[in-house]
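Note: hydrogens, waters and symmetry copies are ignored here, and every other heavy atom, side chains too, is used. Every chain is numbered from 1 and lettered A, B, ... according to where its sequence line falls, protein lines coming before strand lines.
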Amino acid sequence: MEQDYDAHRIENRWQSHWNESSIFEPEPDEREKFFITIPYPYLNGNLHAGHTRTFTIGDVIARHKRMLGYNVLYPMGFHVTGTPIVGLAELIENRDPQTMNVYSRLHRIPDDILETLTTPERIVDYFSVEAEKAMRSIGYSIDWRRKFTTTDDTYKKFIEWQFNLLHDKGLIVKGAHPVKWCPNDNNPVEDHDILHGEEATIVDYTLIKFTHKNMVLPCATLRPETIFGVTNLWVNPDIEHAKIKVSKEGCEEIWVVSQEAYRKLTFTDRTVEFIENVAGKDLVGIKVKNPLSGKEMITLPASFVKPGNGSGIVMSVPAHAPYDYLALKDLYDKDLSEYGITEDLQEIELISLIEAKDFKEYPAVEAVEQLGVKDQNDPKAEEATKIVYRREFHSGILKENTGKYAGVAVSKIKDILTRDLLDEGIGEVFYEFSEPVVCRCGTSCVVNMVKGQWFLNYSNPDWKDKVYKCIENMNIIPEEIRVEFNNKVDWLKDKACARKKGLGTRLPFDTNWLIESLGDSTIYMSYYITNKFFAQGIKTEQLTPSLFDYVLLGKGSVQQTAIDTGLAETLIANIKSDFDYWYPVDLRSSGKDLVPNHLLFFLFHHVAIFEKDKWPRALAVNGFVSLEGQKMSKSKGPILTLREAVDTYGADVSRMYILSSAEQTQDADWRNAGVESAKKQVERFYKLAKEIIDSGATSGIEGELKLIDRWMLSRLQQCVRETNNDMTSIRTRGALQNAFFLLYNDLKWYQRRGGSAVLYDVLDVWVRLMAPFTPHICEEIWSAMGHEEGNFVSQAAYPIFCPRFIDNDAELAEELMCSTLSDIEEIIKVTKLTPKMAVLYTAPQWKVTAFKIALKMKHNEDLNAGKLIKTLMADPDNRKHGKEIPKYVQKIVPDISSMKTERFEMLLGMRLDETTILRENIGCLSNEIGCPIQVYNADEPEYDPENKSRFALPLRPAIYLE
RNA sequence: GCGAGGGUUGCCCAGCUGGUCAAAGGCGCCGGACUUAAGAUCCGGUAUCGAAGGAUUUCGUGGGUUCAAAUCCCACCCCUCGCACCA
C-alpha cells in the first residue's frame, strides 16, 4: 500500500486488472442468475451527474448481488433514435453560439472535434466512445461485449420484428389524434416553439347537439351529465355567428356556431363549409329541442358567453352552474320584447340532478347566496362556480331524474355518458386548449386532428389488465410508487408511435413513418443477450423474424430457423439457451422521470410480447440530481459530466458521494462541499486500513476475547445486518451510513477503549462490506491484506449477518460505560466543578433483584406494582428497605411496561456485574474525566460522605464528585 | 384541475410499523489539542433554564385519538414534480 491515497493510480490499476481478467463478462452457469438493467443513456451529450446516480445505483446492486453469489449480468447500450441528435447536429453545423459554448465548456469537447460533429452519425460515434470511457473510468461492472446503439442495422431488424408482431396482434392501430397545431406553419407545434401557453393542455369537451328546425346549435361542456338539468340555451346577442355545413363520416348537418368556433372546427376531422353569417340576436328567443329529452326550450341573451370558448353557444343549467343562475336572475325584470320573448322567465323551473355533500336542492343558488354574488359580472361568480363544480365532482351522485345513470358518481359519469351520446348521434367530442396557445410565429394555434397516424393501442382494456397483473406480481422499490404506476396505467391512452423526422427504424408495414423513439426502447433488454452473438459477425439479413420468434418466443424449430437464416443449429440453440437463462429482467432501476413513460411502455410491451415467466420481476426508481441547487440542462447548462467528477474527485469518492447524498426517490443535490467531505471520509478509510495492515495485525477472532472485543464484533454484525437490509430495499444512503459511517465511529471508539485484538477481522469484513460502493480502494486494501493476484474483493463473499457474534451483555456493558461517562460530564458541566475524585456506586442487590423480577413479570404479561411490592416484601432480607421499595417500584414499573420489545428482550437476558465492569475500566474512566475514580457497590460503600449511594439504579450508578 | 411526493432543530437531511426523541449524520459556528502560524487532523460544545445526572418549550397551522404523538386520524395553509407525442 502506498503512503498516501492516490485515487487515480489505484483506480487505473484495478480497472485494468478487472478488464484483463474479464470478471464482469458472465456466462450462464449453475449459479442463480441476476439480470439487472438501467435505461441506456440518450447520447446528445456527455454523461452527467444525473446518469451517475442511476448508473451507480445499478452498479452497486450488481456488485452486491455478485458478491452474494449470484451470476450477475449488467449490460449497457446507447439510445440515439429520435430528433434531438439531429437537432444538435444542425445547431453545431450552424455554429449556434450557445450550443458551441455549452458543449465546449461544460461537455468539455475539444473545439477541433466539436466542429466536426455536424452530422447525427458523427455525434453518435463520438458520444458512444466517450460514454463508454466515462463508465469505465468510474468502475462500473458492465459486460461491454453486449453494447449496441439503437441505429445498428441488426437492432433495426429486432425492432421491425417487434412492431410486426404488435401489428399482427392488433395492438397497433390507425387513427386520428389531436395535436397543438399552427395554421400558419401548417405543422404541429412542439413545446419549444410555443410563445404563450406552454402550460396549455388539450381538454376534451362534449359537444351536445341541440336543434332548431333542421339547424344544430351545438353546446360544448365539460359536464355532459348536466344535460338533464338544462332549462334554456345562452346566446350572446352581440356577436356574429356562422351557419356552416359540417360533414363527418358521410353525415351532413347544418350547424350554427361562433366565428371562432367555425375556424376551430375546420381543423378537426370534419369537413366544414361556410354558408352565411348569422347575427347573434337573431338566435335569441328561438325554440330549441333538447336532443335527449326532446323537450323544447328557449334561447336567451347572455353577455358572459365568450365566442372563443367552445362553440359560442352555451347550455344553461341554473341549478348547478352559478353563472347560469345569475344570468337567468338578471333577466327576470328585463324587457326582452326586442327578441320576441314574452313569457315570464320566473316560471322557468330549476332542475336539480345532482345530490352533493353539504348542498341541498340547488347548489348554484346556495353558493351564490352564501358568497353574496350580485350578478353575472361579479368576480365572485367565478369563485362560486369553482366551489360548486369541485364539490359536485368529488361528492356528487346523479339523482333519479337522470334515468339509467341514477346513482352514478359525477366523477365517473363523463366517459360513460359521452360514449352513449356519441353512439346516439346527439353528442360529439370537441378538443380545446385549456388556455390560448400562440406559436413562435405569432399565430394563434388550434387543435388539429392528425389523420392516418399509427397508435400503440395502450387504452386497450385487455392489454391494461395484463399490465396490472404484471405490476401486482412485481417487486416495486420503493413500494409507495406502486400506486403511482397503477394510476398511470389507468390514465394512459393510445400513443402515437410514428414520426416523420429523426433517427430510427421505419415502420415495417408503412415505411413512410419512423418508429417513435420511446416505442423502440421497450424490450431491448432481451437484445443484450442476443447481441453478444450478433456482434460476432452475423449478417443483418440473417436476422429473420423466425430467428427472433424462435429465440425469444420459442416458436418454430431450430431446424427451420437454421434453414431460414443459414446459421448453424448449434449457434441458434446457444442463443436461445442464453436467452432462457438470463431472461426475465430481475431488476430494472431507473430515474423517476421515466415512470410515466418509458417504464410504463416497458411493462406494456413485455406483457404483450412475452409469456408470464418472462415478465420483469422488479422495478426500482431513484430521484434526480441537481447541481449546487440548480436544475441541470444538457443543452443550456449547468451540467457536471461524469468524467469531470471522476477526474476531479476520483471514482470511489464520486460513487460514495452520489450514493450517500439522497435516498430512493428523493432528489439529490450535487455540491462540491459535500464531495470534498466524502473525499475526506475515503481518505480516512484508507489511512485507518493502512494503519491496521502496517501494524502487522492478524486475525484475533479465535483467541481470547475481552469484553470490548466482543462489543466490537457484536456492533460489526449489527452493521452487516443493517447494510444488507438497506441494500435489499436499495437504500444506498442507509447502507453507507451503516457500512461506513457507523462502523467507522465504532472502530474509533474500539481503539479509544484500547481494543486491538480483532482489528484485522473487522477490516476483513469492512472491506468486503464497502466493496460494492468503493470498489477500487477496497481492491487495493484487500490485496494489501495479503490476498494474492487474481483474488478480487469484487468476487469475494459479501458479509452476511452472523447472529453468534451478537453479544448483548457486551453492548450493555459498553452502554453502561458511555452513559456513566456522559452523566459525570453533565454534572461537571452544570456544577462547573473540577473534581479531584469521582466515586461511583452501583445499584444495591435488592434493586437489581426487583428490576429483574419486574422484567420477568412483564415477560409473563403480569406486571403490576402492587404484586411486585408484595413479592419483594416476602423476602426478609428486603424488609429493611421497606420504606424505599414502594417508591422504587413506582418508578421502574412504568419504565419497564412502556419499554420496546427489542430493548426489553435485551435486558431480560442481561447478566452483568456492573461493579466489576466499572472497576475493570477505571483506567479508561479516569482518563476521560481527568481524576481518580473509585467504584463501590451501594450495599457496602467504603466511602460515601453525602449518602449518594442511595440514588444508585441498575445500569445507572450513583455519582459523587469531590 | 387531475395524479404523486414533501413541509423537522442555523442550513442540508434522518426519524414517521406511537414510548430508548431535545430528536442520528453532515455542514456551519464556538472552544480545546497539535502547529512558529495558517491549513489539515483529532477532541468537546451547539433549543431554553438549572451549582448533581434534572426541568421546560419544540418537529407547517388548528383540532382529535392515546397513559403517551415528529410519528396515527381530520381539516387547513404552503412547496416541488408529472399531465403525452418530447427524450
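- With B:A4, B:G26, B:C43 as the choices, the nucleotide that has an atom nearest any side-chain atom of A:Ser677 turns out to be B:G26.
- No hydrogens or angles considered: nothing links the side chains of A:Asp4 and A:Tyr686 as a donor-acceptor pair under 3.5 Å.
- No side-chain N or O of A:Asn738 forms a donor-acceptor pair with one of A:Thr723 less than 3.5 Å apart.
- Put simply, A:Arg671 has no side-chain N or O that comes within less than 4.0 Å of OP1 or OP2 on B:G28.
- OP1 or OP2 of B:A87 sits under 4.0 Å from a side-chain N or O of A:Ser517.
- The pair A:Glu826-A:Lys829 fails the salt-bridge criterion, with no side-chain N (NZ, NE, NH1 or NH2) lying under 4.0 Å from an Asp/Glu carboxylate O.
- Base engagement by A:Asp494 is indicated by at least one non-hydrogen atom pair under 4.0 Å involving a base atom.
- Shortest non-hydrogen contact noted between A:Asp667 and A:Phe624 is OD1-N, 2.9 Å.
- Closest to the side chain of A:Arg956, from the set B:A84, B:G53, B:C27, is B:G53.
- Backbone-only engagement by A:Tyr42 is indicated by non-hydrogen atom pairs under 4.0 Å involving sugar-phosphate atoms exclusively.
- Within 4.0 Å (heavy atoms only), A:Lys948 reaches at least one base atom of the nucleic acid.
- Of the two residues contacting RNA chain B, namely A:Asp823 and A:Leu518, the nearest-nucleotide position lying further toward the 5' end is that of A:Asp823.
- Counting non-hydrogen atoms under 4.0 angstrom, A:Ala673 reaches nothing in the nucleic acid.
- Set against B:A52, B:A87, B:A4, the side chain of A:Ile827 has B:A52 as its closest nucleotide.
- As judged by a 4.0 angstrom heavy-atom cut-off over every strand, A:Arg752 is placed among residues touching the sugar-phosphate backbone only.
- Distances shown here put a side-chain N or O of A:Thr83 below 4.0 Å from the OP1 or OP2 atom of B:A87.
- Atom CD1 in A:Ile481 sits about 14 Å away from atom C1' in B:G3, given to the nearest Å.
- A:Pro835 comes within 4.0 angstrom of no nucleic acid atom, judged by non-hydrogen atoms across all strands.
- Phosphate contact (OP1/OP2 of B:G53, side-chain N/O of A:Lys829, threshold under 4.0 Å): absent.
- Residue A:Asn487 places at least one side-chain N or O closer than 4.0 Å to OP1 or OP2 of B:A4.
- Looking at A:Gln718 and A:Arg715, their side chains never bring a donor and an acceptor atom within 3.5 Å of each other.
- Here B:C13 presents its C1' atom at 10 Å from CD of A:Gln737, a figure rounded to the nearest Å.
- No contact: A:Ala662 has no heavy atom under 4.0 Å from any strand.
- The residue A:Tyr389 sits apart from the nucleic acid: no heavy atom pair falls under 4.0 Å.
- Atom OH in A:Tyr744 sits roughly 18 Å away from atom C1' in B:A24 (whole-Å rounding).
- Across all strands, A:Glu516 comes closer than 4.0 Å only to sugar-phosphate atoms, never to a base (heavy-atom distances).
- For the pair A:Arg684 and B:C42, the criterion of a side-chain N or O lying under 4.0 Å from OP1 or OP2 is met.
- Note on A:Asn597: a base of the nucleic acid sits closer than 4.0 angstrom, heavy atoms only.
- Residue-level contact check: A:His79 touches the backbone only, with heavy atoms under 4.0 Å from sugar-phosphate atoms and none from bases.
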